[in-house]
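Working notes, structure below.
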Protein chains: 2
Amino acid sequence: MPTYIEGSGLPADVYSAKCPTREILDHIAGKWTVLIIDALADGTMRYTDLRHRIDGISQKMLTQTLRQLESDGFVTRTVHPTIPPRVDYTLTELGHSLRTPIAALREWIETNINRIEAARRAAAL
Amino acid sequence: MPTYIEGSGLPADVYSAKCPTREILDHIAGKWTVLIIDALADGTMRYTDLRHRIDGISQKMLTQTLRQLESDGFVTRTVHPTIPPRVDYTLTELGHSLRTPIAALREWIETNINRIEAARRAAAL
DNA sequence: CGGAATCCGCCTCGATACTG
DNA sequence: CAGTATCGAGGCGGATTCCG
């Protein structure tokens with residue numbers, strides 16, 4: 001049984017360019033998005049924690065992606081007015097439910113990496 | 001138990017920028033990649049089939065993404081030397097095993113779209 | 001500490017036109 | 001039918017500088 005979009009009544013379908021699901025797919029299906037959601041699976045993390053956990057991410061992309069996740073309602077940003085400042089990032093309930101498919105993707109890559117690399121070498125012929 | 005990278009012996013870890021898993025994540029985590037893999041889940045499809053199934057994809061992105069998937073060993077490209085030409089795309093065994101996590105992601109979006117839209121409106125305040 | 005602001009090269013992506 | 005070629009806008013992403 002498909003889900004129907006509130007308002008339009010049309011069935012949810014990522015294959016349809018104008019379906020709201022398409023934009024969400026575009027937001028979620030990104031390298032940094034996946035890594036941040038997955039990193040927050042264990043619980044609250046500070047900005048610097050994330051920066052060090054996710055090797056190779058720049059300040060700009062971290063901030064930018066976090067803002068996107070926040071405005072999509074996946075992540076909560078909490079500012080503690082202390083000196084030095086402290087900002088915590090946590091998954092919302094919605095973001096929490098996204099954990100499972102995201103983690104599944106990461107785990108698939110990690111467990112199959114040797115098969116993948118072998119397939120790439122074979123495909124390169 | 002983690003997977004270890006053949007050759008280096010290091011544990012597979014997408015959080016590490018230099019780990020080969022990171023590049024694969026970058027290739028897989030994309031709007032078009034997800035849609036193509038998911039579309040091919042049902043079986044072989046021709047170029048034009050894919051073009052019509054995935055609403056809004058340009059010829060360029062379809063060709064480009066298919067080539068990427070092919071060189072990563074997820075998809076097989078078969079050319080039939082007929083007139084008019086016919087090209088079939090099929091998931092390899094590896095690509096087939098990727099179906100599960102990809103479909104899980106698509107399904108999560110489609111079933112939760114109304115929650116997501118509500119959360120976005122709430123986050124926008 | 002947790003950003004914001006700015007600059008900038010490059011690559012992505014889409015639109016258009018053309019081809020065997 | 002299944003692409004290739006080209007172009008141009010925009011976004012990605014890194015580096016740097018500055019701030020409360």
Side-chain angles (χ1 to χ4, degrees), chain A residues 14-19 22-37 39-40 43-72 75-90, chain B residues 14-19 22-37 39-40 43-72 75-90:
Chain A
V14 287
Y15 291 103
S16 173
K18 289 157 300 182
C19 180
R22 176 67 72 86
E23 188 184 354
I24 300 302
L25 174 61
D26 200 22
H27 289 184
I28 292 176
K31 186 177 39 174
W32 302 131
T33 309
V34 167
L35 289 170
I36 290 174
I37 298 271
L40 289 174
T44 298
M45 291 191 100
R46 300 178 60 172
Y47 183 85
T48 311
D49 292 340
L50 287 166
R51 197 155 149 55
H52 286 89
R53 179 82 218 276
I54 302 170
D55 185 30
I57 197 170
S58 65
Q59 286 190 354
K60 182 182 174 180
M61 289 316 296
L62 180 54
T63 301
Q64 195 171 296
T65 310
L66 282 169
R67 295 285 195 259
Q68 169 98 275
L69 289 171
E70 192 191 359
S71 78
D72 280 340
V75 161
T76 304
R77 178 171 182 267
T78 310
V79 182
H80 298 87
T82 55
I83 294 175
R86 174 199 175 104
V87 180
D88 287 338
Y89 291 94
T90 316
Chain B
V14 287
Y15 291 104
S16 172
K18 288 157 299 180
C19 180
R22 177 66 72 87
E23 188 184 355
I24 300 302
L25 174 60
D26 201 22
H27 289 185
I28 292 176
K31 185 178 36 173
W32 302 130
T33 308
V34 167
L35 288 170
I36 291 175
I37 298 273
L40 289 174
T44 298
M45 291 190 101
R46 301 177 59 172
Y47 183 85
T48 311
D49 292 340
L50 287 167
R51 196 156 149 52
H52 287 89
R53 180 81 221 273
I54 302 170
D55 185 31
I57 196 171
S58 65
Q59 286 191 350
K60 181 180 174 181
M61 290 315 297
L62 180 54
T63 301
Q64 195 171 298
T65 311
L66 282 169
R67 295 289 142 110
Q68 169 97 274
L69 289 170
E70 193 190 359
S71 78
D72 280 341
V75 162
T76 303
R77 178 170 181 266
T78 309
V79 181
H80 298 87
T82 56
I83 294 174
R86 175 200 174 104
V87 181
D88 287 338
Y89 291 94
T90 316

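All chains are named by letter (A, B, ...) in the order of the sequence lines, taking the proteins before the strands, and each is independently numbered beginning at 1.
- Residues A:K31 and B:A29 come closest through the heavy atom pair N-CB, 4.0 Å.
- To the nearest angstrom, C1' of D:dT4 lies 14 Å from CG of B:L62.
- The phosphate of C:dA4 has OP1 or OP2 within less than 4.0 Å of a side-chain N or O from A:R67.
- One end of the helix from C:dC1-D:dG20 to C:dG20-D:dC1 points its axis 50° away from the other end's axis, with each axis taken from 5 pairs and the angle rounded to 10°.
- No hydrogens or angles considered: nothing links the side chains of B:T65 and B:T33 as a donor-acceptor pair under 3.5 Å.
- One can place OH of A:Y47 at 12 Å from P of C:dC1, the figure rounded to the nearest angstrom.
- Between the CZ atom of B:R53 and the P atom of D:dA2 there is a distance of 17 Å, rounded to whole Å.
- None of A:M45, A:R46, A:R77, A:H80 except one satisfies the side chain to side chain contact (heavy atoms under 4.5 Å, CB included) rule with A:V87; the exception is A:R77.
- Between A:I83 atom CD1 and C:dC1 atom C1' the separation is 11 Å, expressed in whole Å.
- Although no hydrogens or angles enter the test, the distance criterion places a donor-acceptor pair under 3.5 Å between the side chain of B:D55 and the main chain of A:A17.
- Atom-to-atom, CG of A:D88 to P of C:dG3 comes out at 10 Å; the value is rounded to the nearest Å.
- With rounding to whole Å, A:L50 atom CG is found 14 Å from C:dC1 atom P.
- Per the geometry, CG belonging to B:L66 stands 15 Å off C1' belonging to D:dT4, to the nearest Å.
- To the nearest 0.5 angstrom, B:T63 atom OG1 is 11.0 Å from B:E70 atom CD.
- With rounding to the nearest 0.5 Å, the separation of CD1 in B:I36 from CD in B:Q68 is 10.5 Å.
- Looking at heavy-atom distances under 4.0 Å, A:R51 makes no contact with the nucleic acid at all.
- Note that CE of A:M61 is 6.5 Å distant from OG of A:S58, once rounded to the nearest 0.5 Å.
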Response to the item:
For nucleotides 7-20 of chain C, 5' to 3', base contacts (B), sugar-phosphate-only contacts (S) and non-contacts (-) with protein non-hydrogen atoms under 4.0 Å give B-----BBB-B--B
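- For B:R77, no side-chain nitrogen or oxygen approaches OP1 or OP2 of D:dA2 to under 4.0 Å.
- In terms of phosphate contacts, B:Y89 brings a side-chain nitrogen or oxygen within less than 4.0 Å of OP1 or OP2 of D:dG3.
- In this model, a donor atom of one side chain and an acceptor atom of the other lie less than 3.5 Å apart for B:T44 and B:T90.
- Partners of A:R86 by side chain to side chain donor-acceptor pair (under 3.5 Å), not counting sequence neighbours, listed by chain and number: A:D88.
- Between D:dC1 and B:R46, no contact under 4.0 Å exists linking OP1 or OP2 to a side-chain N or O.
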